[in-house]
Protein chains: 2
Amino acid sequence: MTLTAPSRRSSPAEDTAVVTTSVVVFTIRGRRLELLLVGRRSEPFRGYWNLPGGNVLPEEDLQVCAERKLREKAGVEGVYLEQLYTFGRPDRDPRGRVVTVAYYALVPPSRLRQPAAADAGMVGWFALDGLPALAFDHGEIVGQAHRRLVAKLDYSTIAYQFMPEAFTLSQLQGVYESILGEPLDKRNFRKRVLGLGHLVETGTVCRDGSHRPAKLYRLRNPRTVEIIK
Amino acid sequence: MTLTAPSRRSSPAEDTAVVTTSVVVFTIRGRRLELLLVGRRSEPFRGYWNLPGGNVLPEEDLQVCAERKLREKAGVEGVYLEQLYTFGRPDRDPRGRVVTVAYYALVPPSRLRQPAAADAGMVGWFALDGLPALAFDHGEIVGQAHRRLVAKLDYSTIAYQFMPEAFTLSQLQGVYESILGEPLDKRNFRKRVLGLGHLVETGTVCRDGSHRPAKLYRLRNPRTVEIIK
DNA sequence: GCAAAAGTGTTCCAGATACACCCATGT
DNA sequence: ACATGGGTGTATCTGGAACACTTTTGC
């Protein structure tokens with residue numbers, strides 16, 4: 001039934017697969033939604049880009065594996081990370097059976113290390129609408145991650161995960177507009193977002209140009225994503 | 001539960017795992033949401049119930065594996081089946097590293113075979129609020145499946161997947177009430193559901209008691225689940 | 001004629017949308 | 001003084017929620 005009895009599992013390679021995690025790491029830079037890719041240096045798909053990821057270690061939890069990849073490739077920890085979908089087509093990797101548990105992560109641009117590469121290897125940030133050809137089925141994974149992100153925008157507070165500790169309402173609106181790809185009405189946006197009561201004024205302001213300073217806000221409950229409406 | 005793990009079959013050399021699928025098979029019988037469980041005849045968790053599922057075959061797609069389990073244990077094909085989440089805690093199976101890709105399925109009660117068991121083995125339908133203790137982390141899987149189902153109820157037409165070809169609005173309302181666990185207003189329900197335009201009258205009626213016959217409806221696009229609003 | 005479920009409209013309220021001007025600052 | 005983004009209120013529309021009686025049938 002669910003599992004073959006241990007006694008019958010004579011050949012150890014039988015019914016096993018390599019399990020990996022891949023992470024779609026999103027950030028927002030310059031009002032554009034971008035994601036992190038890693039250049040492949042070996043076959044298959046040498047010279048292509050793919051998502052950061054790798055094998056799940058024998059005693060490692062799936063989520064922990066994704067966190068590790070995030071640390072190794074993006075150099076960040078403690079950011080929003082959610083399981084997305086599991087990809088397991090038998091032919092998706094020419095080397096053999098590989099089942100990939102995909103995650104997506106949201107990184108505030110303020111948390112990006114300056115050389116985006118943490119460990120060795122070629123890594124780079126790419127605008128979502130301007131991706132190179134991706135290895136394996138990673139294009140499909142990216143598409144699914146983006147759809148999930150857009151869907152969650154309007155029934156949760158997930159967008160706040162792109163924000164630094166303190167931020168202005170205009171910055172927050174910019175994040176929404178970057179993900180949705182369309183402009184929003186300023187007054188309605190502010191009315192709605194303040195009406196939800198998730199934000200509190202810090203009391204400080206942000207002066208960053210020759211114009212009126214903007215009030216800074218912070219989350220009432222940082223680190224939590226709430227379902228709204 | 002106190003099983004020793006003498007045959008713990010982690011393969012330290014290779015990062016491989018046994019990959020299985022498990023399926024939370026929902027149906028609605030007698031205005032109650034029920035799901036299919038299989039009795040375990042061997043250790044670990046002998047005598048407990050668990051979800052139908054089993055190893056993914058070497059050349060088998062994950063979804064195809066779930067469909068196969070659905071056929072073997074529930075005796076149904078072609079019903080709604082969606083990937084739910086992947087469970088991979090290193091210690092979730094005392095025999096070794098097992099990564100389970102969980103699915104959930106919705107079966108119209110009209111499609112249930114009379115002896116619910118297709119192949120050999122003890123299987124049974126259980127009301128969601130009255131489940132026995134489940135093996136492994138299957139209780140957690142069921143909880144997540146139920147939450148997903150409830151969430152999808154009000155932004156998709158997923159409930160229709162429980163309906164036979166032709167059905168009355170009262171039957172459809174009963175399905176919603178069973179899943180949500182609360183009564184709905186008849187007029188508002190009918191107004192909303194007819195307003196969406198997914199249903200068409202068949203022209204026939206259903207006489208099933210000493211009262212006015214009910215109009216039968218069918219889906220404009222059966223087999224598809226649409227996102228609403 | 002009575003029991004039992006089918007069928008049907010209106011009012012009300014809340015949340016979304018559309019829309020334009022003054023404010024505080026740096027140069 | 002002027003350029004720049006910050007900040008604010010109202011009228012309207014739309015979709016959801018509350019709510020009770022008539023209709024058709026079987027017995």
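Within every chain, numbering begins at 1; the chains are lettered A, B, ... in the order of the sequence lines, protein sequences first and strands thereafter. Computed over heavy atoms, backbone and side chain alike; hydrogens, waters and symmetry mates excluded.
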How close or far is atom C1' of dA6(C) from atom CG of Leu216(B), stated in whole angstroms?
12 Å
How about OH on Tyr48(A), more than 12 heavy atoms from neighbouring residues, nucleotides or ligands closer than 6.0 Å, or not?
no
Any side-chain donor near an acceptor of the partner, Thr168(B) and Ser170(B), under 3.5 Å
no
Pairs where residues 141-158 of chain B contributes a residue and the test side-chain hydrogen bond (donor to acceptor under 3.5 Å, both in side chains) is met, not counting sequence neighbours:
Glu82(B)-Arg148(B), Glu82(B)-Lys152(B)
Set of residues satisfying side-chain hydrogen bond (donor to acceptor under 3.5 Å, both in side chains) with respect to Ser110(A), sequence neighbours excluded:
none
Strand contacts (DNA chain D) in residues 188-202 of chain B, 4.0 angstrom heavy-atom criterion:
Asn188(B), Lys191(B)
Letter by letter from the 5' end, nucleotides 20-27 of chain D scores (B base, S sugar-phosphate only, - none; protein heavy atoms under 4.0 Å) B--BBBB-
Name all residues meeting the side-chain hydrogen bond (donor to acceptor under 3.5 Å, both in side chains) criterion together with Ser178(A); count only those two or more places apart in sequence or in a different chain, and write none if there are none.
none
With a 6.0 Å cut-off on the ring centroids, do Tyr160(A) and Phe162(A) count as close?
no
Compute the ring centroids of Tyr176(A) and Phe189(A), then answer whether they are less than 6.0 Å apart.
yes
Quick one: which residue pairs count as a side-chain hydrogen bond (donor to acceptor under 3.5 Å, both in side chains) with a foot in residues 220-229 of chain A, not counting sequence neighbours?
Asn221(A)-Glu226(A)
Report the residues that fulfil salt bridge (charged side-chain N to carboxylate O under 4.0 Å, His left out) with Glu165(B), sequence neighbours left out, ordered by chain and then residue number.
none
Could I get the full list of ring pair (Phe, Tyr, Trp, His ring centres under 6.0 Å) partners for Tyr104(A), not counting sequence neighbours?
none
Can you tell me how far C1' of dG6(D) sits from CG of Asp208(A), to the nearest Å?
11 Å
Nucleic acid contacts - residues 168-185 of chain A versus DNA chain C, non-hydrogen atoms under 4.0 Å
Asp185(A)
Does Arg32(A) have any salt bridge (charged side-chain N to carboxylate O under 4.0 Å, His left out) partners at least two apart in sequence or in another chain, and if so, which?
Glu34(A)
Do Arg92(B) and Thr100(B) have side-chain atoms, one donor and one acceptor, less than 3.5 Å apart?
yes
Near DNA chain D, counting only heavy atoms under 4.0 Å, which residues of residues 148-165 of chain B show up?
none
Glu77(A): what forms a side-chain hydrogen bond (donor to acceptor under 3.5 Å, both in side chains) with it, not counting sequence neighbours?
Arg71(A)
